[in-house]
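The structure appears right after this line, and notes come after that.
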Amino acid sequence: MSFLLALIFSLSSNLDNFVIGLSYGVKNERISLTANGIIAFITAFITFISMLGGKLITHIIPNYVSNELGSAIFILMGSWFIGSDLLQKKKQQQKQQQKQRTVLNFKGAVMLGLLLSINNIGVGILGSITHLDITLVVTLTFITGIFLTYAGNHIGHSVIGNIVGKYNNLISGSLLIILGILSLLFKF
């Protein structure tokens with residue numbers, strides 16, 4: 001069950017990578033394997049640091065309180081994501097522009113990695129509070145980060161890419177709610 005929770009956690013916190021990859025693919029901009037690795041490394045590292053911070057919090061708060069508190073916050077965050085998605089105006093479909101293919105450079109990859117890791121900070125702290133395995137979460141965050149960015153970048157302007165991009169907050173929020181419920185049901 002720990003693997004499943006860590007996987008749900010990683011997918012939820014990295015779903016933005018798919019959308020970013022998708023937006024670059026639509027604009028015919030390629031994210032190289034090196035740039036993708038830099039992005040995934042930064043998000044995994046930030047997740048690691050935030051989970052260490054969460055570990056410190058668990059020394060202050062008793063285990064029985066921290067797990068329930070973390071689970072409740074996961075559910076609330078998921079509900080917030082879903083609520084904001086439902087309130088958000090429908091995005092206009094982007095017209096596909098014919099541009100010369102470009103490649104994301106090192107500086108752009110670092111900036112993108114930092115931006116994508118912002119939501120990993122809070123979620124990482126909560127993951128640690130609910131006693132998810134740090135090594136497993138960080139490893140899966142790196143792997144899913146690379147995979148989702150690559151998949152989004154190569155799917156581009158397809159039907160599935162549009163659906164996931166359009167419902168990113170709804171999917172991510174649902175995953176956080178599932179994670180919160182599962183971590184309430186299964187103690188670690």
Side-chain angles (χ1 to χ4, degrees), residues 1-26 29-54 70-71 73-82 84-85 104 108-130 132-156 158 160-183:
M1 186 51 90
S2 291
F3 179 82
L4 178 62
L5 290 176
L7 182 61
I8 291 170
F9 171 91
S10 300
L11 287 171
S12 172
S13 62
N14 279 331
L15 200 55
D16 289 344
N17 292 41
F18 180 82
V19 176
I20 292 296
L22 182 69
S23 66
Y24 274 78
V26 167
E29 293 181 30
R30 191 172 146 268
I31 298 176
S32 69
L33 184 57
T34 303
N36 195 353
I38 290 167
I39 293 166
F41 175 79
I42 290 170
T43 56
F45 182 73
I46 298 294
T47 300
F48 174 72
I49 296 298
S50 65
M51 289 189 81
L52 286 180
S71 298
I73 294 173
F74 272 134
I75 293 169
L76 289 172
M77 281 179 67
S79 299
W80 175 262
F81 282 10
I82 290 171
S84 68
D85 188 65
L104 184 65
V110 170
M111 293 304 295
L112 194 53
L114 289 171
L115 289 172
L116 286 171
S117 65
I118 289 172
N119 69 324
N120 291 40
I121 295 170
V123 177
I125 291 170
L126 291 174
S128 189
I129 288 174
T130 57
L132 291 175
D133 181 77
I134 292 177
T135 305
L136 184 59
V137 167
V138 170
T139 302
L140 287 174
T141 298
F142 181 79
I143 292 168
T144 58
I146 285 180
F147 174 75
L148 290 171
T149 304
Y150 176 84
N153 195 229
H154 285 81
I155 288 175
S158 69
I160 193 168
N162 285 333
I163 291 170
V164 173
K166 186 175 182 181
Y167 298 106
N168 179 37
N169 285 338
L170 183 65
I171 294 168
S172 185
S174 298
L175 288 172
L176 284 173
I177 290 172
I178 290 168
L179 180 61
I181 292 169
L182 290 175
S183 57

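Index from 1, following the sequence.
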request  = Pick out which of Asn153, Thr149, Thr43 makes a side-chain hydrogen bond (donor to acceptor under 3.5 Å, both in side chains) with Asn17.
outcome  =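 One option only clears the test, and that one is Thr149.
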
Between atom [atom1] of [X] and atom [atom2] of [Y], what is the distance when rounded to the nearest 0.5 Å?
X     : Y      : atom1 : atom2 : result
Leu5  : Ser10  : CG    : OG    : 10.5 Å
Ile46 : Phe41  : CD1   : CZ    : 9.5 Å
Ile49 : Ile134 : CD1   : CD1   : 10.0 Å

Is there a donor-acceptor contact under 3.5 Å from the side chain of [X] to the main chain of [Y]?
X     : Y      : value
Asn36 : Ile31  : no
Asn14 : Thr141 : yes
Ser12 : Phe9   : no

key: Minimum heavy-atom distance Ala44-Phe142, with the two atoms named   = CB-CB, 3.9 Å

key: Minimum-distance pair of heavy atoms, taken over all atoms of Gly145 and Ala40   = C-CB, 4.4 Å

task = State which residues pass side-chain contact (heavy atoms from CB on, under 4.5 Å) with Leu136; sequence neighbours excluded, sorted by chain then number.
result = Phe3, Ala6, Asp133, Leu140

task = Please identify each residue that fulfils side-chain contact (heavy atoms from CB on, under 4.5 Å) with Ile38, with sequence neighbours left out.
result =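 For Ile38, the residues satisfying side-chain contact (heavy atoms from CB on, under 4.5 Å) (neighbours in sequence not counted) are Thr34, Ile42, Phe106, Ala109, Val110.
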
ask   = Does Thr135 reach the side chain of Phe48, with side-chain heavy atoms less than 4.5 Å apart?
value =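 Of all side-chain heavy-atom pairs linking Phe48 with Thr135, none is under 4.5 Å.
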
